[in-house]
Amino acid sequence: MPQTAQLTTNRFDSAELNFEDFKKIVINDYRIGFESRQAALLGRREVLTGKAKFGIFGDGKEVAQLAMAKAFKAGDWRAGYYRDQTFMFATGMSTMKEFFAQLYANPDIDKDPASGGRQMNCHYATRYLDADGNYTNQAETMNCSSDISTTGGHMPRLLGLAYASKLYRNNPELADLKQFSVNGNEVAFGTIGNGSTSEGLFMETFNAAGVLQVPMAISVWDDAYAISVPARLQTTKEDISEVLKGFQREDGTNGYEIFKVRGWDYVALCETYARAIEVCRTEQVPVLVHVTEMTQPQGHSTSGSHERYKSKERLAWEAEHDCLLQMRKWIISSAITTEQELDKIEAEAKVHVRECQREAWNELSDEIKAELEEAASLIDAVAQEATAQDDVEDVATALRSCIDPGRKDIVGAIRKTLRLTIKQNFTAKQTLINWLNTNNKLNNERYNSKLFTNSAHSPLKVPVVPAHFDANARMIDGREVLNACFDANFGRDKTIVAFGEDVGNIGDVNQGFAGLQSKYGDLRITDTGIREATIIGQGVGLAMRGLRPIAEIQYLDYLLYAMTVLSDDLASLSYRTSGGQKAPVIVRTRGHRLEGIWHSGSPLGVILNSLRGLHICVPRDMTQAAGMYNTLLRGDEPALVIESLNGYRLKEKLPSNIGDFTVPLGKAEIIKEGADITVISYGSTLRVVMEAVEELEKLGINIEVIDPQTLYPFDTDQLSLASLKKTNKLLVIDEDIPGGGSAYILQKVLEMQGGYYQLDAQPKTLCAKEHRPPYGSDGDYFSKPSVDDVIEAAYAMMSEANPGKYPSIY
Ligand SMILES: Cc1ncc(C[n+]2csc(CCOP(=O)(O)OP(=O)(O)O)c2C)c(N)n1
Ligand SMILES: [Mg+2]
């Protein structure tokens, strides 16, 4: 890689810092800032000339990031957004060549370690998993949690990253986990744009960190705009630190230290960051650094130009207050160096950036060109024998003449060739097919892999340990079964923590954690404010830093408040880092029927459609739930467990190995054998189905009942298909809306498992009504599947097949 004198920034903290040292540091900082600016300028050109698809850059924000980088140490974390390229260069967490590799979407993780070509440019991450999916030593490295594009979406995670330091500092049992923390001395640095502070997630995070008193340092990059919308329409008083003043800590209160500093004032920025991070790190107090008067020399992104919405005066002001220009002026006026020397540095920087860009481009395009030539030669060979020779030759010619070809052009040409030779079969064609198959595998790895970590620690690989029941096993409330399970796991693994609304003192609203806070302490079983999004974010940050969080959402209906964090951040983490990061959060909640519109939800369609990347567990009772927790707590992938709200007080037998037996994910169970209809159901409706069994038997109908137990993964042994081979009839019952979770199950069974071919009757679903369930038992009866509904749905299927034997009820 092309080298410059020094790539990363240095601190001003040497006791013997003389003028020469000082000068070197300042000049080196200017070089980094200038290179970063060149990268932004060149990056934009690469988009406009068509080599890259989209560009968003950090120009105008360089100087503050140089200052922030000086305060960032090994062990620290970043959760930020797309403006932070200078910070990433200055800390050494990213390089210039990687910057361009990501811009060009290079899928090689050695070239774009942040995302393997999966993320838009300037979306950063460091890889903290080794090739086997194990955590690396995070205390020795600078760490960057993976960026997401949603503005403010990273804030909840930032809270979790900071909260981990608090746990590592205050829980002596964690002191030997040196790989993750050294006494909790790490700071979590967050960055966010001024406009994005209008997001609820920012406000929720801000308040939570003030309550928790965690070492979280939020920098607001304030350029007075959010794309075209000015501060006047974004922020009360147009000034975020002004309106957050009430969070300032005072004698005897918790709260923040709040700083405000201009984005082009290098000296003030360096001083501010040194002070702010010192108090944040040592006292574990959150800080806000509001950096004002930043600019956007090239506008928001490559998607538009800011001349459309900024006044001439504003543009002139921005040109004058460009932070690098101001830094340059200061360097010269302070006689740190001469204009000539800075000119020379700038000229070198331009060359350096250009070289990095060319190398990054060539590395990807050389690889693709070589693949293209191989494929084109194979297509040539096919043309020789093809009846449609001219057409196939045209395909090869078109492929060879592609400007800046991509893999889609190569694979598209091959697929076209195969369509042109459908009716022929010869060796050259087979060779082409073989080449395509090999490359499909590679492309699958490049573009479709790592939805889950898939390491040796995957919960799918946790050994199956059956539940044991002593002859005199006690029958206890379901909630007590869970309580015993959590107790055993907390005793076994000191990294497990649980938190949520009412989880600590009273041990959750259904008492699954009852008594455990007094046994294990309030750092391990903890009450939180009412803030679902940051409860999940807290889990994500903790899990990234080696802890095992059980993040509780009080009722399934409130999961929607956390959906952005779950879907955008947690579910996409492994995929968007191409396996470079993981966060094995277990989300615990309870749902299905109880009472009223917001305590009876079962929106499995919503969940299944938004949370690919999480395992979705729907245990029918608390024993099965316990077995799933035992599995998940021994695995390293995230999951959602939905307990049945109306099951906590039902009696269950306590297994003798309550903390050790495991329920494997994806393994369905036949909970009642039968010959006439395969009924698939899960969670609370399973009990309803089982209540219908007896009357159905009296009506001469013998249903087979299958509990998939987890909806993702779904019935990997294909018990549903095997059952359909026997019954030839399928009835799916759940209490989601019609076409919700049941549509997913139909797709799995009929299409994926091939159940379609076993049917001799139309497959049916019995679901809840489309509206939310009203309050009261009658509301439940008329809205959710009842025993009567189940009996009639099953009967109707039999009646349709054999009306003589089963005359219509109505
Ligand atoms: C949740 C969400 N809403 C909207 C967008 C579209 N969007 C991308 S950047 C942006 C403006 C952000 O402005 P600001 O936070 O001030 O950051 P800046 O780009 O000015 O640094 C918007 C609206 C998004 N990415 N995510
Ligand atoms: Mg802005």
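Each ligand, and each atom within it, is numbered from 1 in the order the structure gives.
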*Asks:* What residues come within 4.0 Å of ligand 1, counting heavy atoms only?
*Replies:*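 For ligand 1, the contacting residues are Tyr81, Tyr82, Arg83, Ser149, Thr150, Thr151, Gly193, Asn194, Gly195, Ser196, Glu199, Asp223, Tyr225, Ala226, Ile227, Gln296, His300.
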
*Asks:* Does Ala316 offer a backbone N or O that forms a donor-acceptor pair with the side chain of Glu318 under 3.5 Å?
*Replies:*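 No, because the side chain of Glu318 does not come within donor-acceptor range (under 3.5 Å) of the backbone of Ala316.
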
*Asks:* Kindly indicate whether the side chain of Tyr30, heavy atoms from C-beta on, has any atom under 4.5 Å from the side chain of Leu342.
*Replies:*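 Contact flag for Tyr30/Leu342 side chains = yes.
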
*Asks:* Give a yes-or-no answer on whether the side chains of Ser36 and Glu62 include a donor-acceptor pair shorter than 3.5 Å.
*Replies:*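 There is no such pair (donor and acceptor under 3.5 Å, judged by atom type) between the side chains of Ser36 and Glu62.
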
*Asks:* Only counting residues at least two apart or in another chain, list the ones meeting side chain to side chain donor-acceptor pair (under 3.5 Å) with Arg576.
*Replies:*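 Counting only residues at least two positions away or on another chain, Arg576 forms a side chain to side chain donor-acceptor pair (under 3.5 Å) with Ser146, Asp569, Ser572.
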
*Asks:* Not counting sequence neighbours, list each pair that qualifies as a side chain to side chain donor-acceptor pair (under 3.5 Å) and has a residue in residues 211-222.
*Replies:*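 Listed by first then second residue: Asp84-Trp221, Ser219-Tyr273, Asp222-His290.
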
*Asks:* Would you mind counting protein N, O or S atoms that sit less than 2.8 Å from the Mg ion (ligand 2)?
*Replies:*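 Those protein atoms number 3 in total.
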
*Asks:* Within 45° of the six-membered ring axis of Phe72 and under 6.0 Å from that ring's centre, is NZ or CZ of Arg78 located there?
*Replies:*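 That pair does not qualify as a cation-pi contact.
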
*Asks:* Quick check: are there more than 12 heavy atoms from other residues, nucleotides or ligands sitting under 6.0 Å from CD1 of Ile530?
*Replies:*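 Open.
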
*Asks:* Assess Lys51 against Tyr104: is NZ or CZ under 6.0 Å from the centre of the six-membered ring, and within 45 degrees of the ring's axis?
*Replies:*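 So Lys51 doesn't make the cation-pi contact.
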
*Asks:* Is there a donor-acceptor contact under 3.5 Å linking the side chains of Ser602 and Asp736?
*Replies:*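 No, because no side-chain N or O of Ser602 sits under 3.5 Å from a partner of the opposite role on Asp736.
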
